[in-house]
Participant: 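Dumping the structure here so I can ask a few things about it.
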Amino acid sequence: MKYEHQLIEKKWQMKWDTESLYSAADMKDIENPFYNLFMFPYPSAEGLHAGHAFSSTGSDIYGRFMRMHGKTVFQPMGYDSFGIHSENYAIKVGQTPQFMLSRTTKHFEEQLRSLGHGYDWKRTVTTSDPDYYKWTQWLFTLCFKAGLAYRKEAKVNWCPSCKTVLSDEQVIDGKCERCGTVVERKDLTQWFLSITKYADRLLNNLENIEWPSKIKQAQKQWIGKGEGLEIKFSNIAVWTTYWETIFGATFLVVSPEYLLSKLAPDVSVESIRYAEHALEKSADERRTNRKKTGENTGLTVLNPATKDQIPVYVADYVIEGVGTGAVMGVPAHDSRDFEFAKKFNLPIVPVVSYANSEINQSIKKNERSSEEPGALTNSGDFNGLSSNGEGKDAVRKWLVEQRLAEPQTNYHLRDWLISRQRYWGAPIPMVFCETCAQKGDGEVKSGTWNAAGWYTVSEENLPVLLPEITDYKPKGEGKGPLANHKEFYETVCPKCGEKAERETDVMDTFVDSSWYYLRYPTVGLSNSSEVPFDLEVTKKWLPVDLYFGGAEHSVLHLLYARFMNQVLFDQKKVSFEEPFPHLYAHGLMIKDGAKMSKSKGNVVNPDEYITKFGADTLRLYIMFLGPMDGSPDFRDTGIEGMQRFTNRVWDLLNDVNRGVSKKDVSAIVSKMHQTVKKVTDDINVFHYNTAISGLMEFVNELKDSEIGDDKETWKEALKTLTTLLAPFTPHLTEEVWREVLNESGSVHTAPWPMHDESKIIPDQIVVAVQINGKLRGQIEISKEESENEEKVTLKAKVDEQVAKWLEDKSIRKTIYVKGKIVNFVV
RNA sequence: GCCGGGGUGGCGGAAUGGUAGACGCGCACGACUCAAAAUCGUGUAAGGUUACACUUGUGGAGGUUCAAGUCCUCUCCUCGGCACCA
């Protein structure tokens, strides 16, 4: 009987649906909850590709594994449907985003169903749905009321192609994360969320969550906490983490911004001209210009440690926003300063030694080397000091005691810019009233920015609906398309009732995705339109038990979501700080050695493989390619090999009435228990490729066994194999379980098999024999014999292959590793 | 430059310090067939041999150990993150 994958897969997908196998009737009344979350995709028009199939299958296998462990698994799916990606595509094909959406989500659902994933389709989330973004807006108002949302004019990242601003996190190598265009800098007034206030907590909590270290590392690096000193050089403060090099600071450099805003007009005309010119450069141009250009300002300042007057320069290698925007130039210990000093003929003074006992003396004597700075020729030569920890501490103490410096902590993390001058997003739910602004009235009084005139839209008036307009394309004038629609922005002030205007920018998509995991369990509850998330159900299901997703979200989504959750925690809306205590980051599937992308034309659509080979074979194949956290290469040849395996398994499992001969029973029982252990252990750590190889070995063992009378062992082996395979091949095993083995209920709720440690070791064991660590022979012993070291070593000694190596040699030492190895040292 | 992964057959990849290359792909040969496909069987690290024996072998150089792909030191290459971050 041939395995008809098309019929069987469709049959069970429909049946699971009618049986609600993957959907709890009542989210509040369940036991052993396990929230198995997969990062939701944005519903692209192309549909999902093999990379999605790879990652979502990885998540699904774990969910099924947990379900068979008696957990009630909640595995929802939704769509991150707002955002530039979806909107850009709609523009390209000349449709509205709304129109595109209805087709794309439907296509996604069909594809995900055809892969056999056990999603709860009754509880989905679509971020562009008013029922959803109502609460995204509510979240923004919550931040505003907590003093965590503010407006500020700032030099921001502007993508000239997407015609919107971007957050720092969305600029990769100076380019737009979405379209790859070089971003420009633009002065705009924008909404920010104060994520920097959470920098320390975001950093410290990393200790307590079970995440891959590389993701933690990336977040740590992005937060970039630097504990340094702020040191006054006359009226200019510099910030440094290398304060011990201050004795070698022979000049000072300020950024162009610093010069123009704080030092002009007391500086040279040339330096002002230089600074103005530098500001016209794009961020990318400035970033990649490694030439140390600059200009003398004519000012001098006092080096507080050496008491020397040193010149002040302006140069664009100093960046506004890092530290104070001014740095001390220590050419002997910093390669950039060195290059600069060479160019401008500034003195290069190495700071020599701070050996602990002489520290005070050294400092007082202001010890300097008489060596020529010519020794410092390459940029790698600037260490030596930073490694001297004790000296460094002594200098710090001295500087602070002398009141020359103050401790100051700086972060790389910036506040999150969430305004987007686009159409396809959640409108920022704010109203500005000019009348109130004149009087200084506003919803919050804030010291950090002038909030006068700004009001949140109250909860009963949410959502602020995104109007359906046809002229939704961005124009690039610094305002979003909604600014052209009076009917949208004209409103009245909630305070004084005068004419007022709505904010016309929309929110960054990452705000939408920063809280979606909270919404899922509440979908479908009677109060779901009254609350963002029901308290009882949230308490039951959250935090997420396993979050499965791509490493590319290390510092975007994963940081924002943690931040939002912590805000909600502080506002007493949730009882946990970290939403994802356990994260698994899968790798990226590639094709022919390159990342799958439309532009390369190497995107693999799983549909044709499902049609040709079936979902189960595809699932096995992509999981077998390599480890889940690697970058497997999708190749067509391998899948045919997996189809052979699927067919072999099908034939084997249908051969229910055969038995196994007495002589092979022990080997089969042992292999069965080994396989149970191996597959269980491997799934626990997401090593699906080796779990599958273990299953293949078990299948080979069964196929090669001699036919005999022992039907009970055979039947048990088949049953075990079926359950172990179930997470990987849900359709085939379900067919076998219910129709061939005639078991009651679904295989996916059947109990996961347990292994018996005592049955793992077979009756006959092969032990390797080594002489001086080199393999010289093998002996076969029984299980009982393996316990007896003397017996084993004797048997090894007299083995024909081994004996000839022992002739004329005396054995100095014998090592026996039970049931594994005998090593004679001669 | 800093921080993290990795370097193992023709390929994807396995190996709690204990028989390196599991499992699979590919390839070769054989069976079945008029023939092919499919399927099944055998072989497949390199050198060596009719076949065995044996020798070498996990990027390179040292070291620890009865025993090293695995641990330590140095070094080369590669992939990912951050970066004129002071």
Side-chain angles (χ1 to χ4, degrees), chain A residues 172-173 212-222 224 226 228 238-243 245 249 253 255 286-292 315-319 321-330 333-337 339-340 379-380 382-383 410-412 551-552 554-555 587-588 620-621 624-627 629-645 647-648 651 678 681 687 689-700 703 766-778 801 804 812-826:
Chain A
I172 313 286
D173 284 339
S213 67
K214 69 168 182 177
I215 310 273
K216 286 191 186 184
Q217 211 61 39
Q219 289 213 352
K220 208 170 166 177
Q221 216 165 257
W222 187 260
V238 305
W239 180 78
T240 178
T241 52
Y242 296 101
W243 51 78
T245 64
V253 194
S255 68
R286 208 170 129 177
R287 201 175 61 86
T288 52
N289 177 19
R290 304 268 153 179
K291 283 186 194 151
K292 294 292 172 290
D316 65 3
Y317 79 88
V318 177
I319 299 164
V322 179
T324 60
V327 302
M328 58 182 194
V330 188
H333 301 286
D334 182 284
S335 58
R336 295 156 303 176
D337 295 343
E339 281 170 47
F340 192 79
S379 55
F382 299 93
N383 39 19
N410 271 330
Y411 297 88
H412 172 256
E552 67 273 21
S554 300
V555 290
L588 218 57
L620 276 175
Y621 169 62
F624 187 64
L625 275 174
D629 56 359
S631 331
D633 200 340
F634 192 101
R635 288 169 310 155
D636 288 352
T637 51
I639 195 164
E640 285 160 15
M642 197 52 85
Q643 190 181 34
R644 284 199 275 274
F645 176 70
N647 289 333
R648 272 205 299 271
D651 291 342
K678 178 168 179 61
D681 291 351
H687 291 178
N689 56 332
T690 51
I692 293 167
S693 77
L695 288 162
M696 286 172 165
E697 285 186 53
F698 187 33
V699 168
N700 291 344
K703 281 207 79 108
V766 175
V767 171
V769 184
Q770 296 181 332
I771 312 256
N772 289 342
K774 272 194 193 301
L775 181 70
R776 294 302 181 194
Q778 292 184 335
Q801 290 290 327
K804 70 180 184 194
R812 284 214 309 243
K813 197 174 173 187
T814 303
I815 291 137
Y816 174 56
V817 181
K818 201 179 110 187
K820 284 244 164 110
I821 223 162
V822 177
N823 188 13
F824 297 113
V825 185
V826 298

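Chain A is the first sequence line, chain B the second, and so forth, proteins listed ahead of strands; every chain is numbered from 1. Remember, it's a predicted structure, so these values are computed and weren't measured experimentally.
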Participant: Can A:V769 and A:Q778 be said to form a side-chain contact (heavy atoms from CB on, under 4.5 Å), step by step?
Facilitator: CA-CA 5 Å; A:V769 184; A:Q778 292 184 335; 6.0 Å; no
Participant: Over all strands shown, is A:N700 touching base, sugar-phosphate only, or nothing at heavy-atom distances under 4.0 angstrom?
Facilitator: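 The residue A:N700 makes sugar-phosphate contact but no base contact.
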Participant: Return the minimal non-hydrogen interatomic distance between A:G323 and A:N410, and the atom names on each side.
Facilitator: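 Between these two residues, the closest heavy atoms are CA-ND2, 3.3 Å.
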Participant: Which part of the nucleic acid, if any, lies within contact of A:R812, taking any heavy atom under 4.0 Å across all strands shown: a base, the sugar-phosphate backbone alone, or nothing?
Facilitator: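 No contact.
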Participant: For residues 815-826 of chain A, run the donor-acceptor check on the side chains, cut-off 3.5 Å, and write out each pair with its distance to 0.1 Å, sequence neighbours left out.
Facilitator:
residue: A:Y816; atom: OH; partner: A:S786; partner atom: O; Å: 2.7
residue: A:Y816; atom: OH; partner: A:G819; partner atom: N; Å: 3.0
residue: A:K818; atom: NZ; partner: A:E787; partner atom: OE2; Å: 3.4
residue: A:N823; atom: OD1; partner: A:N772; partner atom: N; Å: 3.4
residue: A:N823; atom: OD1; partner: A:G773; partner atom: N; Å: 3.0

Participant: Using only heavy-atom distances, decide whether a donor-acceptor pair under 3.5 angstrom links the side-chain of A:Q217 to the base of B:G81.
Facilitator: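 Per atom types, no contact qualifies.
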Participant: Does B:G9 adopt a syn or an anti glycosidic conformation, taking syn as a chi angle within 90° of 0?
Facilitator: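 That one's syn.
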Participant: For B:G6 and B:G17, measure between their P atoms and round to the nearest Å.
Facilitator: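 Each nucleotide's P atom is 14 Å from the other's.
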Participant: Give A:G641 one of three labels, base, sugar-phosphate or nothing, depending on what nucleic acid heavy atoms sit under 4.0 Å from its own.
Facilitator: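 Touches sugar-phosphate only.
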Participant: So do A:M642 and A:L620 actually touch side chain to side chain, heavy atoms under 4.5 Å?
Facilitator: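 Answer yes - side chains close enough.
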Participant: Across the strands shown, which category fits A:K292 at heavy-atom distances under 4.0 angstrom: base, sugar-phosphate, nothing?
Facilitator: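 Since a base atom lies under 4.0 Å of A:K292, the category is base.
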Participant: Please give the distance between the C1' atoms of B:C72 and B:C79 as a whole number of Å.
Facilitator: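 Pairwise C1' distance, B:C72 against B:C79, rounds to 25 Å.
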Participant: Can you run through RNA chain B from 5' to 3' and write each base as (, ), [, ], | or . depending on how it pairs? Watson-Crick or G-U wobble, both distances under 3.5 Å.
Facilitator: (((((((..(((.....[....)))((((((.......))))))(((......)))..(((((..]....))))))))))))....
Participant: Rounded to whole angstrom, note down the C1' distance from B:G80 over to B:A86.
Facilitator: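 Looking at atom C1' only, B:G80 and B:A86 are 26 Å apart.
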Participant: Using a 4.0 Å heavy-atom cut-off, does A:K818 contact any base of the nucleic acid, only the sugar-phosphate backbone, or nothing at all?
Facilitator: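 Contact class for A:K818: none.
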Participant: Figure out the CZ/C1' separation between A:F340 and B:A86, and round it to whole Å.
Facilitator: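 That distance rounds to 14 Å.
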Participant: Is the number of heavy atoms from other residues, nucleotides or ligands within 6.0 Å of NZ (A:K216) greater than 12?
Facilitator: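 Yes - once you tally the heavy atoms of other residues, nucleotides and ligands closer than 6.0 Å, there are more than 12.
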Participant: Within the 4.0 Å heavy-atom criterion, would you say A:Q778 contacts the bases, only the backbone, or no part of the nucleic acid?
Facilitator: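 Result for A:Q778 = base.
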Participant: Is any side-chain nitrogen or oxygen of A:N689 closer than 4.0 Å to OP1 or OP2 of B:A14?
Facilitator: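 Yes, within the criterion.
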Participant: Looking at every strand, decide which applies to A:P632 at a 4.0 Å heavy-atom threshold: base, sugar-phosphate, or nothing.
Facilitator: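 No contact.
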Participant: What does A:V318 touch in the nucleic acid at a heavy-atom separation under 4.0 angstrom: a base, only the sugar-phosphate, or nothing?
Facilitator: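 Counting heavy atoms under 4.0 Å across all strands, the contact made by A:V318 includes a base.
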Participant: When you look at A:K292 and A:D337, which way does the side-chain contact (heavy atoms from CB on, under 4.5 Å) test go after all the steps?
Facilitator: CA-CA 9 Å; A:K292 294 292 172 290; A:D337 295 343; over 6 Å; no
Participant: Out of B:C54, B:A15, B:U39, which nucleotide sits closest to the side chain of A:R644?
Facilitator: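 Among B:C54, B:A15, B:U39, the one nearest the side chain of A:R644 is B:U39.
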Participant: Please report the distance separating the P of B:G62 from the corresponding atom of B:G24, rounded so that it comes out in whole Å.
Facilitator: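 My reading of the P atoms in B:G62 and B:G24 gives 38 Å.
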Participant: Could you give the distance separating B:C82 and B:G9 at their C1' atoms, to the nearest angstrom?
Facilitator: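 Looking at atom C1' only, B:G9 and B:C82 are 37 Å apart.
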Participant: Report which part of the nucleic acid A:L625 touches: base, sugar-phosphate, or nothing (heavy-atom distance under 4.0 Å, all strands).
Facilitator: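 Since only primed, P, OP1 and OP2 atoms lie under 4.0 Å of A:L625, the category is sugar-phosphate.
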Participant: Would you sort out whether A:F634 and A:Y621 count as a ring-ring contact (aromatic ring centres under 6.0 Å, His included), showing the intermediate values?
Facilitator: CA-CA 9 Å; A:F634 192 101; A:Y621 169 62; 5.5 Å; yes
Participant: State which residues pass side-chain contact (heavy atoms from CB on, under 4.5 Å) with A:L775; sequence neighbours excluded, sorted by chain then number.
Facilitator: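 Once residues adjacent in sequence are excluded, the partners of A:L775 under the side-chain contact (heavy atoms from CB on, under 4.5 Å) criterion are A:A768.
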Participant: Quickly work out the A:F624 CZ to B:A14 P distance and round it to whole Å.
Facilitator: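 One finds 10 Å between P of B:A14 and CZ of A:F624, rounded.
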Participant: Should A:H412 be listed as having a side-chain N or O under 4.0 Å from OP1 or OP2 of B:C82?
Facilitator: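 For A:H412, the contact criterion (side-chain N or O under 4.0 Å from OP1 or OP2 of B:C82) is not met.
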Participant: Tell me what A:S213 touches on the nucleic acid: a base, only sugar-phosphate, or nothing, going by heavy atoms under 4.0 Å.
Facilitator: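 Nothing: the residue A:S213, judged by heavy atoms under 4.0 Å, touches no strand.
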Participant: Using the P atom in both, what is the distance from B:C54 to B:U39, to the nearest Å?
Facilitator: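 Looking at atom P only, B:C54 and B:U39 are 38 Å apart.
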Participant: Under 4.0 Å between any heavy atoms, over every strand shown, what does A:V238 touch: base, sugar-phosphate, or nothing? Just pick one.
Facilitator: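 It contacts nothing in the nucleic acid.
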